[in-house]
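Notes to accompany the following structure.
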Protein chains: 2
Amino acid sequence: MGRDYDQIRKQLAVNIRVLRGQKGLSQEALALSADLDRTYISQIERGVGNPSLLVLCKLATILEADVNDLVGVPLPPQA
Amino acid sequence: MGRDYDQIRKQLAVNIRVLRGQKGLSQEALALSADLDRTYISQIERGVGNPSLLVLCKLATILEADVNDLVGVPLPPQA
DNA sequence: CTGTGACTTTTAGTCCGTA
DNA sequence: GTACGGACTAAAAGTCACA
């Protein structure tokens with residue numbers, strides 16, 4: 001049962017990093033905006049931990065993405 | 001920033017309840033399958049709490065839905 | 001600017017029973 | 001079969017020092 005989870009978590013890490021890059025934000029800047037700690041962003045982007053729905057929502061808001069975009073297989077090159 | 005979260009959490013509650021009903025599962029049965037506690041399912045369906053990504057994945061698996069379907073505004077009538 | 005380990009505080013998630 | 005509360009344990013949230 002952990003395979004889905006592992007895959008999703010890994011995808012989440014990638015998506016956040018990409019979206020953040022597209023916004024031209026540093027981990028620090030993202031952390032500040034999302035009211036999270038710099039190192040916590042680092043952890044998530046490394047696929048460490050198991051973020052809660054609340055954290056996902058915070059990040060989604062700042063990254064101007066939907067929670068789906070964070071968890072899913074989004075990020076098509078350029079529509 | 002809490003509005004998105006509140007909305008999503010509420011939607012999550014509804015979606016799980018509906019999907020569970022469609023599967024003909026009781027909260028107990030769902031909890032058992034997902035390896036979660038009976039009362040925790042109850043909490044989630046009442047919009048209480050802040051489930052982790054792992055829990056979302058577990059539930060999605062049992063309900064044969066995608067995590068997106070749980071968090072989003074899914075449940076289209078019949079594709 | 002980011003990765004990482006160690007750490008403390010808060011909360012998720014469990015287990016009990018009651019209605 | 002479900003809502004709800006209290007007490008408890010595991011884990012996430014959040015911080016710091018250092019590479």
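Because the structure is predicted, anything quoted here is derived from the model rather than measured. A note on names: the letters A, B, ... follow the listed sequences, proteins ahead of strands, and every chain is numbered from 1. Atom set for the values below is all heavy atoms of this structure, side chains included, hydrogens, waters and symmetry mates excluded.
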Looking at residues at least two apart in the chain, or sitting in another chain, which of them share a side chain to side chain contact (heavy atoms under 4.5 Å, CB included) with B/Ser26? B/Glu28, B/Ala29

B/Asn50: partners by side chain to side chain contact (heavy atoms under 4.5 Å, CB included), with sequence neighbours left out: A/Ser52, A/Leu53, A/Leu54, B/Tyr5

Using a 4.5 Å cut-off on heavy atoms from C-beta on, say whether the side chain of B/Leu59 contacts that of B/Ile44. yes

Determine whether A/Lys58 and A/Thr61 make a side-chain contact, defined as any pair of heavy atoms from C-beta on separated by less than 4.5 Å. no

Would you list the protein and nucleotides 7-12 of chain C atom pairs, both N or O, that sit under 3.5 Å from each other?
unit_1: C/dA12; atom_1: OP1; unit_2: B/Asn50; atom_2: ND2; d: 3.4

What pairs with [X] under side-chain hydrogen bond (donor to acceptor under 3.5 Å, both in side chains), at least two apart in sequence or on another chain?
{"X": "B/Asp37", "value": "B/Thr39"}
{"X": "A/Lys23", "value": "A/Glu64"}
{"X": "A/Arg46", "value": "A/Ser42"}

When you measure from the side chain of B/Arg20, which nucleotide among C/dC1, D/dT2, D/dT15 comes out closest? D/dT2

Is A/Arg17 near enough to C/dG3 that one of its side-chain N or O atoms lies under 4.0 angstrom from OP1 or OP2? yes

Please state whether the phosphate of C/dG3, meaning OP1 or OP2, lies under 4.0 angstrom from any side-chain nitrogen or oxygen of A/Gln27. yes

Nearest whole Å is fine: how far is D/dG6 C1' from B/Gln43 CD? 12 Å

Can you give me the N/O atom pairs linking the protein to nucleotides 16-18 of chain C at distances under 3.5 Å, or say none if there are none?
unit_1: C/dG17; atom_1: O6; unit_2: B/Arg38; atom_2: NH2; d: 3.1

Applying salt bridge (charged side-chain N to carboxylate O under 4.0 Å, His left out), name anything that partners A/Arg20, two or more places apart in sequence or on another chain. A/Glu45

